[in-house]
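Here the structure comes first, spelled out in structure tokens, and everything after it is commentary.
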Amino acid sequence: MTPDRAAGLAECARALAAGEVTSRALVEQALARVESTQSSINSFRVVRAEAALVEADAADKELAAGVRRPLLGVPVAVKDDMDVAGEPTAFGCEGAFPPVTQDGEAVRRLRAAGAVILGKTNTCEFGQWPFTEGPAFGVTRNPWNPEHTPGGSSGGSAAAVAAGLVPAALGSDGAGSVRIPASWTHLIGIKPQRGRISTWPRPESFQGITVNGTLARTVADAALLLDAASGNHEQDLHRPLALRVSEAASREPGRLRIALALKPPFTALPARLQPDVRARIVQLANRLAALGHTVEEADPAYGQIGLTFIPRATAGLAERVREAPFPALLDRRTRDAARLGRLLGGAPLRAARRAEATLHQRVGALFDTYDVILAPTTAAPPPRIGSMLSLGGLATDRAMIAACPYAWPWNILGWPGVNVPAGFVNGGLPVGAQLLGPANSEPLLVSLAAQLEADLRWYERWPPQQAATDAAA
């Protein structure tokens, strides 16, 4: 482990347990990396330097006493929509927010596993957009190319992991907000089953479409963080049966039937898969076939699923805006969308939520024939910084749908999806593919992702600036 970049999550945990390194050393190195990149990458909204060092010293005492927990002493980051006791939760918004008094359930579980919370990562306002920029914190940049966004809304978490500042981080995914930035930063991004990781102190988030998920450089690390954060508060609305997902990362998936789904779900606005991105997805499909799987083109019967997304997304946003302490500072697009959410929050919202069971049957019918769906995560590579920041509401929607038409249906369904790296386009911009499954299929998706990873070894490639730093070290 060099000071220039974070070792993997599992490697850090192993080295700490073996006495090869101290938690204080790991945390000091991580803090130095964050400080050196805040002016360039700008991945953190809150850095808990003093508190993290205190937590590291406490972890070292436990380690010396023979205590062992899955992540004892390992520094990780969480997105700034998650409560960390003593820190504000601004969720991308402007204003001086008061510190919260208690950890959210996901953070509480990370601490119970022994993790040191290094800080809270940047996100766009209320997590609405596939970029991480705004007047509250400035611009978060993609480590692979600083002229491009790392995506959103978990862009700060993705940038921090991709740049090697921390070994793994939590994000949240309401329309692809873990999978999209994972795609655009060459990471593994797991969007788990709804309720797998608690959203408490909210019983559900954004009318059930938003879940918490994990970002890491390897499948095993993303699964390890998922297991550490998983579990429920007694007042969660969604409480799936417990799973141990990390064990699947070392298990062969068997020969699977895989549906290659290249057609975007219907939206009212046009979306087209860019040819160079399509080529990378097809190349990945060919690798899966070479590994012994049956891969055939087939698309889920999405139908008019988009009609159920808008009421849930905008009504959920209206709830957040109603609670916002500084509403006058919110983006006009946020206020307009919340106004629509208030209009749709009655009968249209109830109808949208009732439709979920029918959608499970209709979309799930594809899993009578296939085990897994392989689909693009995005239709395009990461856009340039600033390209969506100043657009109006409709223009933003057009740009989002053009770039990111593939991820959001799985948020309506509440089912798991895993982004895996699919290669590079346009001279080095990362793109990714989704492995999608039915309810509670995280172990199968993780097993398949790990098999691909062992074949393609995508974790060996680092962003150019990071690679140059390592070579000079």
Side-chain angles (χ1 to χ4, degrees), residues 39-43 45 92-94 121-160 162-163 171 173-187 189 264 267-278 280 313 317 330-337 376-408 419 422-432 463-465:
S39 62
S40 54
I41 295 173
N42 186 29
S43 52
R45 179 75 182 260
C93 299
E94 281 192 271
T121 57
N122 279 325
T123 172
C124 58
E125 193 169 283
F126 291 131
Q128 299 169 82
W129 305 304
F131 56 83
T132 303
E133 305 167 45
F137 58 88
V139 174
T140 297
R141 297 180 181 273
N142 194 322
W144 291 91
N145 186 324
E147 297 305 312
H148 291 257
T149 182
S153 62
S154 304
S157 286
D173 190 313
S177 286
V178 162
R179 291 163 288 157
I180 290 166
S183 167
W184 286 345
T185 58
H186 195 66
L187 297 178
T267 61
L269 299 171
R272 174 178 169 268
L273 179 59
Q274 291 190 9
D276 50 357
V277 180
R278 185 186 192 279
R280 298 286 82 74
L317 180 63
L330 295 175
D331 192 294
R332 176 176 293 278
R333 291 170 291 185
T334 300
R335 287 179 275 139
D336 289 347
T377 302
T378 68
R384 286 192 170 273
I385 291 293
S387 62
M388 298 188 201
L389 184 61
S390 59
L391 299 178
L394 181 58
T396 302
D397 290 344
R398 286 184 180 276
M400 284 198 302
I401 290 171
C404 306
Y406 287 100
W408 56 269
N419 176 80
F424 298 84
V425 300
N426 292 6
L429 295 175
V431 292
Q465 185 177 2

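Heads up: numbering here begins at 1 and tracks the sequence.
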Quiz item: What residue among N419, T378, L187 forms side-chain contact (heavy atoms from CB on, under 4.5 Å) with R179?
Solution: N419
Quiz item: W184 and P130: which non-hydrogen atoms are nearest, and at how many Å?
Solution: CZ3-O, 3.5 Å
Quiz item: For G171 and S154, which heavy atoms make the closest approach, and how far apart are they?
Solution: CA-OG, 3.5 Å
Quiz item: Who are the side chain to side chain donor-acceptor pair (under 3.5 Å) partners of N426, not counting sequence neighbours?
Solution: none
Self-check item: Distance in Å, C93 SG paired with F126 CZ, rounded so as to fall on 0.5 Å steps
Solution: 3.5 Å
Quiz prompt | Validation row: R45, N122 side chains within 4.5 angstrom (heavy atoms) | solution = yes
Quiz item: To the nearest 0.5 Å, what is the distance between CH2 (W408) and CD1 (I180)?
Solution: 12.0 Å
Quiz prompt | Shortest non-hydrogen contact between S153 and T132, atoms and distance | solution = O-OG1, 3.9 Å
Quiz item: Can you name the residues that form a ring pair (Phe, Tyr, Trp, His ring centres under 6.0 Å) with W144, not counting sequence neighbours?
Solution: H186, F424
Practice problem: Working to the nearest 0.5 Å, report the span between CH2 of W129 and SG of C404. | Solution: 14.0 Å
Quiz item: Would you say T140's side chain and S43's backbone share a donor-acceptor pair under 3.5 angstrom?
Solution: no
Practice problem: State, to 0.1 Å, how close N142 and P382 come at their nearest heavy-atom pair, and which atoms those are. | Solution: ND2-CG, 4.0 Å
Quiz prompt | Minimum-distance pair of heavy atoms, taken over all atoms of A271 and P405 | solution = CB-CB, 3.6 Å
Quiz prompt | All side chain to side chain donor-acceptor pair (under 3.5 Å) counterparts of T149, not counting sequence neighbours | solution = none
Quiz prompt | Minimal non-hydrogen separation, L429 against N145, with atom names | solution = CD2-CB, 3.9 Å
Exercise. Could you tell me which residues satisfy ring pair (Phe, Tyr, Trp, His ring centres under 6.0 Å) with Y406, sequence neighbours excluded, listed by chain and number?
Key: none
Exercise. Kindly say whether A159 contributes a backbone atom to a donor-acceptor pair with the side chain of T185 at under 3.5 angstrom?
Key: no
Self-check item: Residue pairs, two or more places apart or on separate chains, that pass side-chain hydrogen bond (donor to acceptor under 3.5 Å, both in side chains) and touch residues 379-398
Solution: R333-T396
Exercise. Just jot down the ring pair (Phe, Tyr, Trp, His ring centres under 6.0 Å) partners of H148, sequence neighbours excluded, or say none.
Key: none
Quiz item: Under 3.5 Å, is there a donor-acceptor pair between the side chain of E125 and the main chain of D331?
Solution: yes
Practice problem: Calculate, to the nearest 0.5 Å, the distance between atoms CE and CD belonging to M400 and Q128 respectively. | Solution: 8.0 Å
